[in-house]
Structures are given as C-alpha cells and as structure tokens.
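See below for the structure under consideration.
In what follows, every heavy atom counts, from backbone to side chain, and hydrogens, waters and symmetry copies are set aside. Remember, predicted model here, so these are calculated numbers, not experimental data. By convention in this document, chain letters (A, B, ...) are assigned in the order of the sequence lines, proteins followed by strands, and residues within each chain are numbered from 1.
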4 protein chains.
Amino acid sequence: MHLFNTRMKRETDHLGTFLRAARDYGRKIGFKGTYLIEPKPMEPTKHQYDFDSATVIGFLREQDLLDDFKLNIEANHATLASHSFAHDLTVAAESGLLGSIDANRGDNQNGWDTDYFPMDLYDAIETMIILLEYGGIKPGGLNFDAKIRRNSTDLNDLFYAHIGGMDTFARGLLIAENIVKNPLYTEIRDGRYASFESGNGKKFEQGAIDLEKLRELAVQNGEPKTTSGRQELLENLINRMIR
Amino acid sequence: MHLFNTRMKRETDHLGTFLRAARDYGRKIGFKGTYLIEPKPMEPTKHQYDFDSATVIGFLREQDLLDDFKLNIEANHATLASHSFAHDLTVAAESGLLGSIDANRGDNQNGWDTDYFPMDLYDAIETMIILLEYGGIKPGGLNFDAKIRRNSTDLNDLFYAHIGGMDTFARGLLIAENIVKNPLYTEIRDGRYASFESGNGKKFEQGAIDLEKLRELAVQNGEPKTTSGRQELLENLINRMIR
Amino acid sequence: MHLFNTRMKRETDHLGTFLRAARDYGRKIGFKGTYLIEPKPMEPTKHQYDFDSATVIGFLREQDLLDDFKLNIEANHATLASHSFAHDLTVAAESGLLGSIDANRGDNQNGWDTDYFPMDLYDAIETMIILLEYGGIKPGGLNFDAKIRRNSTDLNDLFYAHIGGMDTFARGLLIAENIVKNPLYTEIRDGRYASFESGNGKKFEQGAIDLEKLRELAVQNGEPKTTSGRQELLENLINRMIR
Amino acid sequence: MHLFNTRMKRETDHLGTFLRAARDYGRKIGFKGTYLIEPKPMEPTKHQYDFDSATVIGFLREQDLLDDFKLNIEANHATLASHSFAHDLTVAAESGLLGSIDANRGDNQNGWDTDYFPMDLYDAIETMIILLEYGGIKPGGLNFDAKIRRNSTDLNDLFYAHIGGMDTFARGLLIAENIVKNPLYTEIRDGRYASFESGNGKKFEQGAIDLEKLRELAVQNGEPKTTSGRQELLENLINRMIR
C-alpha cells in the first residue's frame, strides 16, 4: 500500500516462487489442468502487481509460468485499469492465454468495482468476436461475477438479472458470427496487413531485413499510400448487425 | 487556472453581468429567441465555472438569467464531468432548460474530449426517451459536434460517420417510443411515486406536513414496505426493444 | 441509481421540502445554529443530487435554504467530483457558505473514498489560505473523517495518524499566514483585477455599461495588454514558504 | 485505435522486429550506449502497447531486448496510467531498467498530459529516494519535458518555472538523503522482510521449499504475528524531513 515500506520486486518474486511450488505440487499429484490468474488493479492495495493483462503476462513470462497458467479476465477489472473489456481480452487472447472470463460490467463514470450484470450488447458482441477469432476459451467459460443492484430487493430480480446477462451474451454470439463472416470485416482488417503477406513485408516479419535495407526500401518506395482504417464503417457494421 | 491568482466569484459575476448585457441588447433589437449556454468541464482551464448542467443552472438562477437562457448539452462534456450523457440531459430537461444537444461520444477510458461520432445505441435511446418524456428540445436540435478518427483518411469516411450517427439517433427514437409506450416502463417508474399522488404523500409534497406530523406518521406506519427498483428488468426491457 | 425508474427533480424537491420542515422545527424549538450539508459524488448512488459545492449551493438557492444552511466540505469528496479540495472550499467560501471541513485525503490514482489522514502539506496550506482570506469557518471546524490504513495494525498507528494530521494543518496555518502576508501574493492576485476598481471597469461591475458601450470601449482601447498570471512564480512562493 | 481493424500482437511484433534491427545497426557501427523507450498510455491511440513500466518491461523481455534497452519514465504518463510517478519509477528501478526521467507533473483531477513543471516536493522526494536506493539513473538524467501555463505570458515565467523545477528536485535530494539515512525508515522496511533473511524464509526465496513443506511450516507456526506497515509514521517522517 505504501512504496516506502515495500520491496515490490521481492514480493513479486515471492509470489512467483509460491505459484511455481503450487504448480509443481499439482503436477506431482496428477493435475493436468490449466491454472488461472486474474488481473486486478487497485483493490485492495495501491500498488497492485497484477494490474492488467499485459502486466500479468509479463509476470508469467518472467516467472517461467507461461506453460501452466492462463488468464481469467474480468470486465470491470479491465475498465478500472483504464482499458476496455475487449482490450484486455484481446491482449490475453493474442498471446494464447485467455483461459476464462468473469462477465460483469462496470460503471463508466465511477472508479470502483460495481459488478453490474452484463447487459451491454456491445461488450457481448466484442467478447464473442474475440472468442470466435481466437478459438474460444479454454479451459474456462463465462462466469457471472455480478450482483444485483442495491435497490433490486425482490427474489425475482435475481432471475431478471441472470436471464438478462445470459440473453445478452447469447445474442452477442449470434451477432458476432454475422460480423466475423461478413467480407467487409475481414477485408478491412486483413487489408491493412496485406503488405506483410509476401515479398519484403514478409521478409521483414521474418527478421530478414536489416535497418540499412529498410532505409533503402523506404527511399525506393517513397511516401507510403494512406489507407483508411474505416473505423466508422466498422462501427456502422456492428450497429447494422444488431437486429 | 490557478486558485491563488484568481477571484472565482468575481469572475463568475463578471460573466453574469456580461450575459445580462448581451441579453438586454438582444431584446432591445427585437431578438425573441432563447440564448444557449454549454456546460464544459476542465478544458481549457482547471477551475471551469460551467462544469455541468447542475452548476450552470445554479449560475443562471443566481445571475437572474433563467428566463432567457437554456442549456446546450454535449455528450462528451457530460462524461468528462463524471456524469452519463443521460444524467446531464435529465438534469437540464427536468428544470425545463434543455435547449439543444451536441450529439457526440467520448471514450469511456480516457479523460479528454474525443468527439467521436455518436454510434452508441444506448446513448441514442436514452436521449430520445428523455426528449419524448419532457416534450422535445426547444429551440435547438441535434448537432454533430464530432470528427472522424485520425485514421479515417478517406472522403468516404465523412459519409459513413454522418450516416452512422443519423441512423443511430433515428433508430434510437423508434426504440425509445416503444419503451415509453410500454406499460412496464411507466408502471415501474410511476409506481415508485404513487404514495405521493394522494393523501399524506400529496400533502407532504405541498409542504403542508411539518416535521412533528411527519414523525407521527412514521410511528403510525411502521417500517415502510420495500419496493424493488427493478433496474435489471428495465435494462432487459431496453435490450428487448432493440430490434 | 437508474434514470428510468427515477424522477430526479421530484426527489430533489422532496429533499428540499424535508429540509425546510427540519429547519422550521429547529427554529420553532429555539435552535439558532447553522445547518450543515455535505456534497458527495457517486456513493452510494450513480446520480447523486449533491455532487459538489456548486451543485449543493444551487440546490440551496432553489429550495430557499440559503439563509439557514452552510456546507461541510470533505477533501476526498471534492477529488471524487474531479475538483481539487481547494476548488470546492473556494466555491463554498466565496459564497459565504463554508461551514465546516472534513479533513481527509483521497488517493489521486483511484476512484473511491479512501479517507486517508490528511498529511499533504499543499492541501493544508491551500485550505488555510482560503480560511484566512474568507474569515475562517463558522460554525464548524476541522474534523478528521479519516481512518488508518489496513496495514496499520497497532494502537500506536492511531496516534501517529492523528498527530500527523494535526501537525500538517498547524504547520499549514503558519505557512499560509506567511504567504497571505507576502506582498507578491496580493500584488499578483489584486493586480489582475485592478482595472475593475475604478472607471469603466467599476461601472461594468455595477452593471452600468450596456453591450453597445462595451463595444465602443473595446474599439477605443484596442487589443488589451497581456498580463501574466504568474502561476509558476506563485508555486515557487508556496515552496519557498515551506520551511 | 479500434480493435477490429487491428492485430495487436502482429503490430507489437513488428515493433520488436524494428527495434532489434535498430539495435543491431547501432552495435554494428560501434554504438555502445543504452537505448531508451518511454511508456505512454492512451495518447494518441486508444490501445497503446506501451501503457506503463510493467507493460514495456514485459515487451522488452518477450522481444529479447532487455540487455540493450532501459526505460525513460515520464511523471505525467505514469499518472495517466493510473499509477503514481513513484510507482512507475520503482517498477523500472527494481528491474534495473530505469534509464532516464522526464520530470514534469500532471493535474490530479484531469485526464490528459498537462506537462506542468515539477514543483511538488513529495514527487521530488520520492523520486530521489528511489534514485538513492537503486544506484542512480544511467545513462540518462532528469529532463524537463514541461511547458509553462497558458496564462504565463512573460519571458520571465520561463525562468521562474525552470528555477522552481530545479530547486524542487535539488531540495528533494537533500530531504531524500535524510530520510534514507534515518534508521526508522530502514528498520520499518527491512523489518517486514526479516523472516526471509535466514532459515526457512531464505530457503523459500531460493525455491528450496515445496508446497507440502510450506503447509507443514504453516501448521507448525500457527497464525503469523501481525506487524504494522507503519504507513502514517512513514508519512510523518517525510513531512518532518521537509524543512
């Protein structure tokens, strides 16, 4: 909670040592599953060592835990870390480390864990696009780490909330499928990386072009052609698919 | 920008004096319209005197400008003031002071004016519910105070953005109408205030019940019955109406 | 907590009605003191009607409670409302409505009420400058609405915290006095408003110059002379006075 | 700027490939210095790959750049990433990767890069404690990436600002030295880790205690003794050293 009574690195190393011991014990007794770790900024401490997806992935890599651990991403933790839910899901998924999801929702105008039920269609669509693109989540699933509001005082409200959350994600999946299958979506995204699929772009990705050669190519090719990112068109596409 | 070289109240009074002079001049030359003033937190100065709807309404009341001015609410200014867009619209509308709208969108994970085009259906639906409930906006309308993204570099992107923004609000209006007409919506809201429509509740609203009488009623009536606010059910209703 | 099951204005009016009844009862039984009301953003509800000093002052004016109520400003509530502590103190003090202070401290990188003990000298200095400038606080005083940290687990920590908080404000008062008495401080601030002390500036403040006359003066006087706000010099002055 | 036209991992890999090429070229032409990279959240893009110290260190490790790069930490970038300046300095320093500092200051109640001059003594003290504890900064130094305020319109203001910034850090260094030399400071911090200096604690740090042995020790030792973190006492110490 306070930097001057703390050795952050020593504590992070302690955590790594402990997790390796836990992993070793699990493997010894025959556990073959994946361990899950959840990023969480700010609560309860000020200098949280597991702030967001990128921080936790860096920690797993440094502590030699990448082969055994995956991430459990909580929507409201992502937003408290100043990221969108989809951002932290993507960071985890693109590293092959998206293991499970705590599906809830924060309040965009406050700064603590509200754990609302997930009723936002955009969040659900974006989540499902990421799952479709990166091969689903393993070993986990979608878990409601959510509670009904303080003024939802009836037993029925629990049902409304769970039904609403489930419907939102089910509908999100259907919409996401239509988006991912839409040629517009893939064209825009893949088009932006087309130059890396062959020739010098591909060689660059393979690390086969040094800085001097890169400079030569830049001089030869002149000013690169500007290609629009088509952000508004993609946003329109999402809205059109919401039916 | 700095409190210690500033007399906030003196400057606010100067602003009031200037606006009264402008109002008087307008009336003198025959202008019969409504003046508009826009809340804006933080930019460019640190101690902005027109932070949000509530602050500006308080200023207009103090400066005796309530009869001539209404508010222009900008979505991204509301969110920068830690309010939702709908919150600041409601504060203005319930005081009869909603005059016009700058329809744009902020980024929920940053802290400056991004002026995205308004593509969020929830924002559009909430805006339109408020307009339907409080009799529209006069004298203004919906204005796109928005710009395309830095990576939207084609002329076409301007069209995509304007079409998307217009469609979002048009669709929002259709959905809002279905919500406002839905008996569930009005029942939940009106039900919460039913006890003020007659009897002692009504007398209380009229200021005809003093504190001693209030205490007597509390003793007589015992613990009030808890009524759920049905927040999740209302959220489900909104999602169901999005078709 | 949710706009669509709520009538904000009706609830605000209910609060006003209740406070007037309480005020009337107090006066009737001989209470001559000042009532205190505390701004508080976001907790526990989303659409808090008493967000900050400006909002509460606007509420008191509308509800005809200005003669009986003053504000209790809490440091951590001001920062949660996106204002500095000194900002909200100034807004209240300049309206003659600063009644008492909850002296605590928030964490500048999170978004909830931490209620740290007030150990920040700058906060204490700024508070004391405001109290010295606006004639102190009446009827209240400085109250520690604070708690020790979760990892401060000894009885002694309670003493350290209270001693630290008291010393910070005592020292802040001594430093503030030296700043307020420093000719540099008053020169910079008063210099910026000198043109309103006589002549046309004074007439403007009195509302005796209409828009046409203002335009005439602007044409006659040409581009106004730029005067530096000397913000960095003022910050240096504060640091120099911290001894 | 938008997740759905982007392959984050592919772009991060491109950046790594480019930086390795730049490093190789530098080494080839005899450059023996350290490369510097600066964390920066949110500006100009939404999904910044270099959000904070922890993220950038993770990136350097993954891209095999740890031996050649260090970090340049900017105060205002740390705060925009929801960390204190001291937090991000510590994360870099404890990994041996603190290479240089952009000494400026943000505004704690807004959300963009204000680049104020660094006049806050607490920031300067904390920075200097970290530099004293972790052996200084190499190869860089303290650089004012700061600008005077918009209302500081005189040439003199540039001098006031630079003098103020330099004096603040110079004074911070003197105060930091007194804190670091104070037995109280080291006792509190080192005391919290004393159990790891010998015996089973040391063996744990060396990875020589497996989970079963850890459990045995926990059963043998019972509930651990609570030791206060003494956060308020440390804050008092800092204030006392400010003279």
Side-chain angles (χ1 to χ4, degrees), chain C residues 78-88 105-111 116-122 124 146-168 171-172 192 225-240 242-243, chain D residues 78-88 105-111 116-122 124 146-168 171-172 192 225-240 242-243:
Chain C
T79 51
L80 288 175
S82 307
H83 304 302
S84 65
F85 182 23
H87 173 95
D88 251 29
R105 180 176 36 129
D107 180 308
N108 285 318
Q109 280 85 41
N110 74 15
Y116 292 157
F117 270 84
M119 307 291 201
D120 188 287
L121 276 172
Y122 294 104
K147 44 182 192 282
I148 52 175
R149 298 300 85 207
R150 203 188 283 210
N151 68 351
S152 297
T153 50
D154 283 1
L155 186 59
N156 278 350
D157 294 317
L158 268 172
F159 288 85
Y160 295 136
H162 281 84
I163 291 166
M166 281 186 280
D167 281 0
T168 301
R171 196 172 163 190
R192 298 181 75 217
K225 196 170 137 271
T226 303
T227 311
S228 169
R230 293 262 180 265
Q231 187 165 332
E232 289 82 7
L233 184 59
L234 280 167
E235 292 178 339
N236 288 354
L237 175 67
I238 293 172
N239 274 353
R240 261 197 300 132
I242 297 176
R243 279 184 283 226
Chain D
T79 51
L80 288 175
S82 307
H83 304 302
S84 64
F85 182 23
H87 173 95
D88 251 30
R105 183 176 34 130
D107 181 309
N108 285 317
Q109 280 85 41
N110 75 15
Y116 292 158
F117 270 84
M119 307 290 203
D120 187 286
L121 275 171
Y122 294 103
K147 44 182 191 282
I148 51 173
R149 298 299 87 208
R150 203 187 284 213
N151 67 352
S152 296
T153 50
D154 283 1
L155 185 60
N156 277 350
D157 294 316
L158 267 172
F159 287 85
Y160 295 137
H162 281 86
I163 291 166
M166 281 186 279
D167 280 0
T168 300
R171 196 171 164 191
R192 298 181 76 216
K225 197 171 136 267
T226 302
T227 312
S228 169
R230 294 264 182 265
Q231 186 166 333
E232 289 82 8
L233 184 58
L234 280 167
E235 293 178 339
N236 288 354
L237 175 67
I238 294 171
N239 274 352
R240 258 196 303 131
I242 297 175
R243 278 184 283 229

Could you look at Arg171(D) and say if it's the side chain, the backbone, both or neither that has a heavy atom under 4.5 Å from chain C? side chain
Does any heavy atom of chain C fall under 4.5 Å from the side chain of His83(D), the backbone, both, or neither of them? backbone
Asn236(C) versus chain D, heavy atoms under 4.5 Å apart: side chain, backbone, both or neither? side chain
Which heavy atom of Ser152(D) sits nearest to which heavy atom of Ser228(C), and what is that distance? CA-OG, 3.6 Å
Between [atom1] on residue [X] and [atom2] on residue [Y], distance to nearest 0.5 Å:
{"X": "Met119(C)", "Y": "Ile238(D)", "atom1": "CE", "atom2": "CD1", "value": "10.0 Å"}
{"X": "Leu233(D)", "Y": "Ile148(C)", "atom1": "CG", "atom2": "CD1", "value": "12.0 Å"}
{"X": "Tyr160(C)", "Y": "Leu234(D)", "atom1": "OH", "atom2": "CG", "value": "10.5 Å"}
{"X": "Asn151(D)", "Y": "Thr227(C)", "atom1": "CG", "atom2": "OG1", "value": "10.5 Å"}
{"X": "Asn239(D)", "Y": "Asp167(C)", "atom1": "CG", "atom2": "CG", "value": "9.0 Å"}
{"X": "Asp157(D)", "Y": "Arg230(C)", "atom1": "CG", "atom2": "CZ", "value": "4.5 Å"}

Find the one option among [options] whose heavy-atom pairs under 4.5 Å with chain D are most numerous.
{"options": "Leu121(C), Thr79(C), Asn156(C), Thr226(C)", "answer": "Leu121(C)"}
{"options": "Thr168(C), Asp120(C), Asp107(C)", "answer": "Asp120(C)"}
{"options": "Tyr116(C), Tyr122(C), Phe117(C), Phe159(C)", "answer": "Tyr122(C)"}

Options Arg243(D), Arg240(D), Glu232(D), ranked by heavy-atom pairs under 4.5 Å with chain C, top entry: Glu232(D)
Interface check, chain C: of Thr153(D), Ile163(D), Asn110(D), most non-hydrogen pairs under 4.5 Å belong to Thr153(D)
Any ion pair linking Glu235(C) and Arg149(D) (charged N to carboxylate O, less than 4.0 Å)? no
